[in-house]
Amino acid sequence: MDCLFCKIIAGDIPSAKVYEDENVYAFKDINPQAPVHVLVVPKTHICCADKIDAQNSVYVAKIFEAIPEIAAQMGLTNGYRIINNCGEDGCQTVKHLHFHILGGKKLPENMG
Ligand code: 5GP
Ligand code: ZN
């Protein structure tokens, strides 16, 4: 499949991995927007949050189970922000569901 994050998960494109288990892969964003900027993705291809359903929501649960471990590993002891961009108006650029974890500083209050 012609999907950048599927290729990263498969190891065909290199990434700075920070976490991996059976269902979840996490790696550093190539263009960080904060001192810590990690992308957390399901290993199965789901295009976007708008396509989460009763069949695939288990992968979303697995992601959120992994996030505290990833945050601790990245030293985010004082909180962090989780962002999902969905579709055109959400400015989603990579069409494989991913959650941004941002932290390592006090983030701006404005959410756009
Ligand atoms: P989106 O805008 O779709 O929510 O986020 C896509 C993110 O993927 C962006 O923050 C962008 O910097 C990141 N990204 C795009 N291509 C690559 C890549 O090849 N490697 C990594 N590590 N991150 C990427
Ligand atoms: Zn994919």
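In this chain, numbering begins with 1 at the start of the sequence shown. Everything quoted here is computed from the prediction, not taken from an experiment. Counting convention: from 1, in listed order, for ligands and their atoms alike.
The ND1 atom of His45, the Zn ion (ligand 2) and the SG atom of Cys6 define an angle of 110° (nearest 10 degrees).
No side-chain heavy atom of Pro42 sits less than 4.5 Å from a side-chain heavy atom of Lys62. Using a 4.5 Å heavy-atom cutoff, the side chains of Lys28 and Met74 are in contact. Side-chain contact check for Tyr80 versus Val36: every heavy-atom pair is 4.5 Å or farther apart.
Close approach of ligand 1 to His98 (heavy-atom distance below 4.0 Å) involves ligand atoms 1 (P), 3 (O), 4 (O), 5 (O), 6 (C). Residue-ligand proximity, Phe27 to ligand 1, at heavy-atom distances under 4.0 Å covers atoms 21 (C), 22 (N). Each of the atoms 3 (O) of ligand 1 lies under 4.0 Å from some heavy atom of Gln92. Close contacts between ligand 1 and Asn31 involve ligand atoms 12 (O) [criterion: under 4.0 Å to a heavy atom]. With ligand atoms numbered from 1 in the order given, ligand 1 contributes 20 (N) to contacts under 4.0 Å with heavy atoms of Ile8. Close approach of ligand 1 to Phe5 is summarised as follows: ligand atoms under 4.0 Å from at least one heavy atom of the residue are 8 (O). Heavy-atom contacts of Thr93 reach the following atoms of ligand 1: 1 (P), 2 (O), 3 (O), 5 (O), 6 (C) (cutoff under 4.0 Å).
Within the 4.0 Å heavy-atom shell around ligand 1 one finds His100. Ligand 1 has at least one atom lying under 4.0 Å from a heavy atom of Cys91.
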### Query
side-chain contact (heavy atoms from CB on, under 4.5 Å) between Tyr19 and Val40: does it pass, once the steps are laid out?
CA-CA 9 Å; Tyr19 176 90; Val40 193; 6.0 Å; no

### Query
Under the ring-ring contact (aromatic ring centres under 6.0 Å, His included) criterion, do Tyr25 and Phe5 qualify, and how do the steps go?
CA-CA 10 Å; Tyr25 192 84; Phe5 288 174; 9.6 Å; no

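Aromatic ring centres of His98 and His100 lie closer together than 6.0 Å.
Grouping the Ile, Leu, Val, Met, Phe, Trp and Tyr side chains by contacts below 4.5 angstrom, directly or via other members, places Ile101 apart from Phe27.
In this structure, Cys48 and Leu97 approach most closely via the heavy-atom pair C-CD1, 3.8 Å.
Here the side chain of Gln33 pairs no donor or acceptor atom with the backbone of Leu102 at under 3.5 angstrom.
Within the 4.0 Å heavy-atom criterion, the part of Leu39 lying near ligand 1 is the side chain and not the backbone. At a heavy-atom cutoff of 4.0 Å, ligand 1 is contacted by no atom of Asn84, backbone or side chain.
Shortest contact from atom 15 (C) of ligand 1 to any protein heavy atom: Leu4 CD2, 4.1 Å. The protein atom (non-hydrogen) at minimum distance from atom 22 (N) of ligand 1 is Lys28 O, 2.9 Å. Atom 10 (O) of ligand 1 has Asp29 OD2, 2.5 Å as its closest protein atom, hydrogens excluded (heavy atom only).
A salt bridge links Lys43 and Glu20; the closest N-O separation between the charged side-chain nitrogens and carboxylate oxygens is under 4.0 Å.
Between the OG1 atom in Thr93 and the CG atom in Asn31 there is a gap of 10.0 Å [rounded to 0.5 Å].
Nearest residue to atom 14 (N) of ligand 1 from Ile30, Asn85, Ile83 is Ile30 (criterion: closest heavy atom).
Distance check for His96 against the Zn ion (ligand 2): an N/O/S atom falls below 2.8 Å.
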